[in-house]
Amino acid sequence: HSAFAGAEWLPTDLPADPNAARNVLVAEMENVYVRMVTEGHRPDAAALNAVVLGLTEARREKRAIEFIRTEFPKHGVAPTERTYRALVRMYVETKRVDTASEVVSAMASSGVAPSADALGLLVHGYAREYRLDDAFATLEEMKELGVTCSEHHAFLLRQRCKAAGAWHPLVPESPIAWQFTPKIKRWRKDYSKHANITRNVIKAGSFESSKTVAV
């Protein structure tokens with residue numbers, strides 16, 4: 001629609017400094033949103049969440065919260081799982097996992113079921129801070145909700161458990177763990193031995209052939 005008419009708002013000449021470039025992009029994102037609303041287009045949850053995601057990825061915490069509190073009610077849209085997850089990701093990535101946990105609690109209180117991604121982010125955040133008990137408790141919560149922790153979020157926890165000599169039955173196994181079972185290890189050892197024999201036979205044959213050609 002006409003909110004995108006013309007190219008004057010497009011950030012074609014971004015500053016070389018990453019922070020300055022981010023500021024330009026965030027400003028342009030908000031400009032597009034304002035044009036959208038000004039021209040009478042009612043934003044839906046997807047459009048509002050896109051702005052929230054842009055703000056949280058730019059670490060604009062206060063502006064993101066203000067936007068959620070004002071713009072969502074203004075347009076009759078309730079925050080969704082994606083809204084809360086954007087905040088959770090921001091807090092986990094900025095090493096404020098307790099605040100991220102509060103967002104997940106608020107998520108549940110508002111009637112939005114915490115997703116595997118949101119809870120998985122908490123698992124990763126706790127693992128990064130070596131808070132294994134909290135990570136295990138989150139895995140237990142995930143089990144109660146019927147969701148599983150993805151490998152992306154479980155990998156660091158598994159590494160932390162290995163280093164600490166601790167374990168929990170709900171910690172997902174590595175997706176490549178099957179490669180290190182005793183049976184597979186024996187097969188790889190036998191395969192390697194036969195492969196070496198084959199290579200030596202080929203080398204010996206090549207050597208004999210070269211001697212024949214030389215004669």
Side-chain angles (χ1 to χ4, degrees), residues 1-125 128 138 141-142 144-154:
H1 50 70
S2 56
F4 298 96
E8 72 279 0
W9 61 271
L10 292 174
T12 54
D13 298 316
L14 290 175
D17 178 67
N19 290 327
R22 183 182 299 112
N23 291 338
V24 171
L25 290 171
V26 170
E28 295 299 341
M29 175 189 69
E30 295 212 58
N31 287 340
V32 172
Y33 174 76
V34 170
R35 290 190 183 193
M36 179 181 181
V37 175
T38 302
E39 295 177 8
H41 303 284
R42 182 179 177 181
D44 58 8
L48 294 170
N49 283 332
V51 177
V52 173
L53 181 61
L55 293 170
T56 55
E57 287 188 347
R59 305 296 185 257
R60 303 294 181 84
E61 176 188 356
K62 291 183 179 179
R63 175 59 182 139
I65 293 174
E66 177 191 8
F67 185 88
I68 293 170
R69 287 176 175 171
T70 59
E71 297 302 309
F72 278 70
K74 182 189 299 183
H75 300 289
V77 178
T80 67
E81 184 275 336
R82 290 179 64 85
T83 315
Y84 290 103
R85 187 180 0 133
L87 292 173
V88 173
R89 183 181 300 279
M90 176 182 66
Y91 288 127
V92 168
E93 290 180 350
T94 54
K95 300 181 180 180
R96 298 167 63 187
V97 67
D98 286 328
T99 306
S101 178
E102 292 174 5
V103 173
V104 172
S105 297
M107 182 179 184
S109 299
S110 68
V112 179
S115 64
D117 285 335
L119 291 168
L121 284 164
L122 284 184
V123 170
H124 176 79
R128 186 166 58 184
T138 304
E141 181 180 354
M142 294 179 76
E144 292 176 2
L145 293 172
V147 297
T148 56
C149 188
S150 69
E151 172 60 18
H152 176 71
H153 295 131

Rounded to the nearest 0.5 Å, how far does NE2 of His75 lie from CZ of Arg42?
8.5 Å
Using the side chain to side chain contact (heavy atoms under 4.5 Å, CB included) definition, which of the options Arg89, Met90, His152 pairs with Leu121?
Arg89
Could you give the distance from CG (Leu87) to CG (Leu53), rounded to the nearest 0.5 Å?
10.5 Å
Less than 4.5 Å apart, side chain to side chain, heavy atoms only: is that true for Thr94 and Thr99?
no
Considering all heavy atoms of both residues, which atom of Glu57 and which atom of Arg22 are nearest to each other, and what is their separation?
O-NE, 4.5 Å
Using the six-membered ring wherever Trp is involved, compare the ring planes of Phe72 and Phe67 and label them parallel, tilted or perpendicular (cut-offs 30° and 60°).
perpendicular
CZ of Arg63 to CD1 of Ile65: how many Å apart, nearest 0.5 Å?
12.0 Å
Can you give me the closest heavy-atom contact between Ala116 and Val147, atom names plus distance?
CB-CB, 3.9 Å
I'd like to know whether CZ of Arg69 has more than 12 heavy-atom contacts from other residues, nucleotides or ligands below 6.0 angstrom.
no
Looking only at the side chains, is there a donor atom on one of Tyr33 and Glu71 sitting less than 3.5 Å from an acceptor on the other?
yes
For Val88 versus Ala118, what's the shortest heavy-atom pair and its separation?
CG1-O, 3.8 Å
Spell out, as yes or no, whether a donor-acceptor pair under 3.5 Å connects the side chain of Ser101 to the backbone of Val97.
no
Salt-bridged, Glu30 to Arg60, with N to O below 4.0 Å?
no
Mind checking the OG1-NE2 spacing from Thr148 to His153? Nearest 0.5 Å is all I need.
11.5 Å
Do Arg82 side-chain atoms and Ala46 backbone N/O form a donor-acceptor pair below 3.5 Å?
no
Closest non-hydrogen atom pair, Tyr84 against Val103
O-CG1, 3.8 Å
In Val24, Val26, Val32, the residue satisfying side chain to side chain contact (heavy atoms under 4.5 Å, CB included) with Glu28 is Val24
Sole candidate of Leu55, Leu48, Val51, Thr83 that passes side chain to side chain contact (heavy atoms under 4.5 Å, CB included) when paired with Ile68:
Thr83
Supply the atom-to-atom distance Met142 CE to Ser150 OG, rounded to the nearest 0.5 angstrom.
7.5 Å
Taking the side chain as every heavy atom from C-beta outward, state whether Glu61 and Arg96 have any atom pair closer than 4.5 Å.
yes
Using the test side chain to side chain contact (heavy atoms under 4.5 Å, CB included), find all partners of Ala45 that sit at least two apart in sequence or belong to another chain.
Asn49, Val77, Thr80
Looking only at heavy atoms, what is the nearest atom pair of Thr138 and Leu122, with distance?
CG2-CB, 4.2 Å
When every non-hydrogen atom of Val92 is compared with those of Ala100, the smallest separation belongs to CG2-CB, 3.7 Å
